[in-house]
Amino acid sequence: MYPYDAQAIEAKWQAFWSTHQVNDLENGPAAEDKPKYYALEMFPYPSGDLHMGHVRNYTIGDVISRFKRMQGYNVLHPIGWDAFGLPAENAAIKQGSSPAAWTFANIETQKKSLARLGFSYDWDRTVVTAEPEYYRWGQWIFEQLYKMGLAEKRESAVNWCPVDQTVLANEQVIDGKCWRCHSEVEKRDLSQWFFKITDYAQELLDDLDKLPGWPTRVKQMQANWIGRSEGAEVDFRLCRAGVGDPEGHVGSAADADDALSSEAERTITVFTTRPDTLFGCSFFLLAPESALAAELTEGTPYAAGVQEVIEIAKSASAIERQGTERDKHGAFTGRYVVNPVNRRKVPVWVADYVLTDYGTGAVMAVPSGDERDFAFARKYDLEIPPVVLAEDDPLYSELASEASLKVMDVPWVEAFAGSGKMVQSGPFTGLTGGKNSEGAKAVIDWLAERGLGRSSVNFKLRDWLISRQRYWGNPIPVIYCDHCGEVLVPEQDLPVVLPDDVDVTRGQTLKDSPAFYEVACPKCGKPAHRETDTMDTFTCSSWYYLRYTDVHNAQLPFAKSAVDSWLPVDQYIGGIEHAILHLLYSRFFTKALRDAGLLSFDEPFTNLLTQGMVKLKGETMSKSKGNVVAPEDVIARYGADTLRSYILFMAPPDKDLEWNNDGLEGISRFLHKVWKQVYNLTAEPQNDSPDSKPAAQAAANGADPQSPADRELEHQCHRVIKKVTADIERFNFNTAISALMELTNSIASYLKLPEGQRDPELERFAAFCLTLMISPMAPHMAEEMWHSALGADPEESIVHAPWPAYDPDKAEADQVEIAIQLNGKIKARIMVAADLPDADAETAAKETLSTQLEGKTLRKVIVVPGRLVNVIAN
RNA sequence: GCCCGAGUGGCGGAAUGGCAGACGCGGCGGUCUCAAAAACCGUUGCCGCAAGGCGUGCGAGUUCAACUCUCGCCUCGGGCACCA
């Protein structure tokens with residue numbers, strides 16, 4: 001035996017794995033009879049070297065990959081880089097270099113670190129999104145989506161980050177701030193490219209049910225984000241201008257008749273989830289910045305009021321967004337609409353809490369049933385007629401059978417938004433009211449019969465804004481021609497290559513590269529210019545997992561046969577921060593590409609593991625806080641195997657991990673112990689069998705243990721194989737390592753026996769088990785022991801060794817300790833045979849408790865085999 | 001406000017409704033050593049000399065038996081939030 005020198009061993013085997021390409025996927029016929037397994041970790045963004053979060057993510061994926069390989073799967077385990085994006089530009093500006101130089105240098109750094117950690121990637125399948133071989137196909141996919149009507153350019157109010165000088169998708173605005181630089185996001189009206197993810201809103205929601213292997217938390221977050229609401233559209237007729245009282249209060253039915261009969265004005269449709277409260281609608285609201293509000297008030301004395309609300313909304317947004325209770329602002333427009341259900345004439349106001357881009361931008365206000373409308377009505381002194389009441393409300397007994405509106409104001413301090421009984425609601429009075437209630441359905445039916453409304457569904461999800469006014473991204477393959485308009489770059493001209501003559505350090509953009517910008521129209525040949533926006537980096541990461549299956553394809557982004565045989569990803573692993581962003585976009589891409597006929601599955605990731613963060617003293621590690629533990633420092637001191645094992649052992653993978661240097665010492669001690677034991681176990685003089693494969697032989701033959709100590713060690717080996725196998729399958733890596741520690745403790749006891757009393761075959765078997773089982777976590781050390789202690793074929797890697805099997809009989813103990821309870825309280829523990837019949841266990845328990853049972857009446861005896869006997873007596 | 005999680009020794013954490021605290025860290029005691037480190041051995045939930053008692057955020061309930069299931073709270077973490 002020689003001392004465990006992690007640095008030397010790790011360098012040696014990393015070189016071996018690299019030259020022998022042990023982790024490359026065998027695509028040959030030999031692999032065809034093996035089941036496929038696609039293990040994937042979210043690829044890194046190359047911003048500097050790897051941090052502990054990466055190490056955790058990739059260690060988990062590596063253990064799963066190695067384990068599955070040993071179990072006989074054909075494992076696809078690739079890596080790549082999400083290489084476009086703003087940080088590269090910012091770094092380039094800061095350092096006076098180029099985004100490409102910075103990015104590719106970081107990729108080299110990370111590549112070395114990944115190799116230094118011993119991760120078993122198929123390096124032949126690496127994908128880098130900033131390389132034309134990859135982004136070409138991103139452009140191609142854009143064109144497919146365009147042809148399907150899923151990509152379009154349109155004018156819209158969009159999120160604009162003034163610091164990063166670009167627009168942002170809804171998903172990239174967190175609490176009103178830019179997800180990257182945290183500056184306040186503004187609204188701007190711009191013409192931008194969108195992917196129509198909303199076309200898939202319903203399917204994206206429904207198919208969450210097809211993902212039992214995803215954490216409920218993530219599914220819940222996506223469901224919230226998609227935000228489906230069921231309800232109805234209701235048509236309100238706008239009264240002719242000049243009708244109504246100037247106060248802006250509810251008018252009479254006669255007024256309404258007058259307004260409607262004299263001139264059929266336009267219809268304004270609203271969306272509501274509470275059609276059952278329609279009778280309680282006492283005013284009507286428009287978003288202040290809506291075109292309709294401007295149109296209705298233009299040239300009237302009310303225009304100034306509306307303008308004021310718009311100003312308030314703009315100026316106060318920063319502060320008010322932070323507050324829990326935002327003050328509401330509104331103004332009367334001078335106009336009225338007619339409530340279709342009772343023909344009451346209600347005033348139209350603008351209110352800053354009405355969103356332009358949800359529903360129709362217009363709202364029927366029911367102050368008695370909606371908190372916001374209630375607050376607005378109180379502030380502007382508008383009527384609050386009660387229409388849905390809780391049955392224990394004192395008002396209810398008074399109004400239970402009242403069909404017409406009598407009570408115009410509720411005495412409450414807040415709105416009642418719950419389920420209750422409908423009152424003052426004409427023919428619907430007495431029905432149950434509430435979301436999706438019988439009353440709501442009855443009102444929808446009534447409206448639908450008369451053509452005044454219809455059931456409807458709304459989503460919070462917005463289309464995905466993919467334009468970015470930045471250089472370092474995938475160019476949008478579109479040319480603008482004065483004659484032909486918007487023209488796609490012909491497929492044979494792809495990729496549109498990102499030019500390298502743009503100097504971002506001088507604030508240049510793609511427009512400043514004439515060679516890029518000035519171009520002939522592909523249709524008419526006349527001078528035209530290219531789109532200068534690039535695509536959101538999330539478009540690059542929405543399909544990289546497909547490209548891995550067919551990285552070198554020069555005809556297509558991937559062959560259908562390749563993705564259909566490898567996908568969906570069996571296990572995806574990454575951080576919770578992508579619960580909505582990347583994971584929602586990727587699901588959308590998969591569905592869109594399926595509809596384009598490019599693949600034939602519905603969901604990209606069957607199982608998802610969201611790993612917890614690595615923290616130091618309760619805080620997230622970050623360079624700016626200066627509380628970073630650098631992986632390279634830990635590797636330099638202890639080696640990669642120790643770091644990997646430590647990170648697996650300290651916490652279950654989905655929980656946050658608190659960094660602790662003492663724990664690191666502990667795991668290091670454990671690995672040294674394993675090393676020492678494996679060499680001690682195999683140090684016995686061997687029976688001169690140089691040619692055979694002793695390890696495999698030991699496993700096949702098993703041992704023939706004689707002594708109780710032999711039987712105990714053998715049992716422990718089988719028990720631990722069973723446990724470690726089950727634990728890794730459930731990703732309980734921490735308890736898998738605990739079980740291996742237990743095995744080393746058993747081996748330590750066995751090794752205390754004098755040499756003559758130990759069975760060399762059994763010792764080899766124990767060494768064999770320990771080495772194989774630790775190999776997914778500590779692969780370098782395992783590989784060294786596999787060869788130098790267990791005598792494996794010098795050309796073969798432990799990567800390809802089969803996972804050890806256990807004998808179910810031997811995995812169970814012969815003797816077990818059972819608890820003897822009297823009335824549920826433990827009184828004694830006794831050793832019995834594991835297969836002791838219940839009747840005998842009962843007898844043994846009664847004997848044990850004989851003195852305590854004296855003078856008592858036996859009521860009942862419960863025997864749980866192998867665990868306990870509970871005697872009930874009094 | 002709404003929706004998810006999570007609360008177990010000094011610490012990280014274990015427990016298909018069946019012996020709470022596996023495993024590790026730390027602590028204490030010891031062997032070896034001139035000494036220390038390393039290594040190894042023993043011990044370690046709390047109170048108690050002991051017998052024994054108390055213990056999984058709090059309060060009820062179901063059960064022979066509850067960390068685990070049910071109901072009602074408390075605290076912490078996360079997500080969403082004027083979505084009609």
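Note on naming: letters A, B, ... go to the chains in the order of the sequence lines (proteins, then strands), and numbering restarts at 1 for each one.
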For [X], which contact category applies under a 4.0 Å heavy-atom criterion: base, sugar-phosphate, or nothing?
X: K825(A); result: sugar-phosphate
X: E371(A); result: nothing
X: E742(A); result: sugar-phosphate
X: D357(A); result: nothing
X: I826(A); result: sugar-phosphate
X: V871(A); result: nothing
X: R228(A); result: nothing
X: I862(A); result: base
X: G359(A); result: nothing
X: N745(A); result: sugar-phosphate

Handout entry: F376(A) six-ring centre to K328(A) NZ/CZ under 6.0 Å and within 45° of normal
Key =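 Geometry flag: not set, cation outside 6.0 Å or 45°.
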Return no unless some side-chain N or O of [X] is found under 4.0 Å from OP1 or OP2 of [N].
X: S229(A); N: A84(B); value: yes
X: N660(A); N: G26(B); value: no
X: N734(A); N: A14(B); value: yes

Practice task
Compare all side-chain heavy atoms of I667(A) with those of M741(A) and state whether any distance is below 4.5 angstrom.
Solution key: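 The answer is yes; the side chains approach within 4.5 Å.
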Looking at the side chain of [X], which of [options] is the nearest nucleotide?
X: S738(A); options: A84(B), A15(B), C23(B); answer: C23(B)
X: Y353(A); options: C82(B), G18(B), G26(B); answer: C82(B)
X: V864(A); options: G18(B), C80(B), C64(B); answer: G18(B)
X: R867(A); options: G24(B), C4(B), C19(B); answer: C19(B)
X: P652(A); options: A22(B), A84(B), G13(B); answer: G13(B)
X: F271(A); options: C23(B), C4(B), A84(B); answer: A84(B)
X: T272(A); options: G5(B), G79(B), A84(B); answer: A84(B)
X: T735(A); options: G18(B), A22(B), C82(B); answer: A22(B)
X: R829(A); options: A15(B), G12(B), C19(B); answer: C19(B)
X: W225(A); options: C3(B), A81(B), G18(B); answer: A81(B)

Practice task
Kindly label the base of G5(B) as syn or anti, based on whether its glycosidic torsion lies within 90° of 0.
Solution key: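 G5(B): anti.
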Exercise for the section: Report yes if a donor N or O on one partner sits less than 3.5 Å from an acceptor N or O on the other, where the partners are the side chain of D662(A) and the base of C25(B); otherwise report no. Expected result: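 Under the 3.5 Å cut-off, the side chain and the base do not form any donor-acceptor pair.
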Handout entry: Donor-acceptor pair present, K460(A) side chain and C80(B) base, under 3.5 Å
Key =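 Under the 3.5 Å cut-off, the side chain and the base do not form any donor-acceptor pair.
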Fill in the blank from the handout: Its contact letters, B for base, S for sugar-phosphate only and - for none at protein heavy atoms under 4.0 Å, make nucleotides 36-41 of chain B read ---S-S
Rounded distance in Å between the [atom1] positions of [N] and [M]:
N: G18(B); M: A66(B); atom1: C1'; result: 10 Å
N: G77(B); M: U8(B); atom1: P; result: 14 Å
N: A39(B); M: U33(B); atom1: C1'; result: 12 Å
N: U68(B); M: G61(B); atom1: C1'; result: 15 Å
N: C11(B); M: G57(B); atom1: P; result: 14 Å

Exercise for the section: Starting from C1' on C11(B), measure out to CH2 on W659(A) and report it in whole angstrom. Expected result: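 Result: 16 Å.
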Exercise for the section: Take the protein atom CG of N661(A) and the nucleotide atom P of C11(B), then report the distance between them rounded to whole Å. Expected result: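 So the two atoms are 19 Å apart, to the nearest Å.
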Practice task
Take I174(A) and V363(A), find for each the nucleotide of RNA chain B with the closest heavy atom, and name the residue whose nucleotide sits nearer the 5' end.
Solution key: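 Looking at the nearest nucleotide for each, I174(A) comes out on the 5' side.
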Practice task
With RNA chain B as reference, determine whether M364(A) or D727(A) sits nearer its 5' end, using the nearest nucleotide of each.
Solution key: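 Final value for this comparison: D727(A).
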Exercise for the section: Among Y638(A), F670(A), W659(A), find the residue that satisfies the ring pair (Phe, Tyr, Trp, His ring centres under 6.0 Å) test when tested with Y646(A). Expected result: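 Only one option passes, and that is W659(A).
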Determine, for [X] against [Y], whether the closest basic-nitrogen to carboxylate-oxygen distance falls under 4.0 angstrom.
X: D235(A); Y: R454(A); answer: yes
X: K187(A); Y: E289(A); answer: no
X: R462(A); Y: D357(A); answer: yes
X: R719(A); Y: E712(A); answer: no

Exercise for the section: Would you please say whether a donor-acceptor pair under 3.5 Å links the side chains of Y585(A) and E171(A)? Expected result: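 Yes, because at least one side-chain N or O of Y585(A) sits under 3.5 Å from a partner of the opposite role on E171(A).
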Problem - Any donor-acceptor pair under 3.5 Å from S437(A) side chain to A440(A) backbone - result: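 Checked: pair present.
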Practice task
Can you run through RNA chain B from 5' to 3' and write each base as (, ), [, ], | or . depending on how it pairs? Watson-Crick or G-U wobble, both distances under 3.5 Å.
Solution key: (((((((..(((.....[....)))((((((.......))))))(((....)))..(((((..]....))))))))))))....
Around [X], counting heavy atoms of other residues, nucleotides and ligands shown, do more than 12 lie under 6.0 Å from its [atom1]?
X: R378(A); atom1: CZ; result: yes
X: E371(A); atom1: CD; result: no
X: E842(A); atom1: CD; result: yes

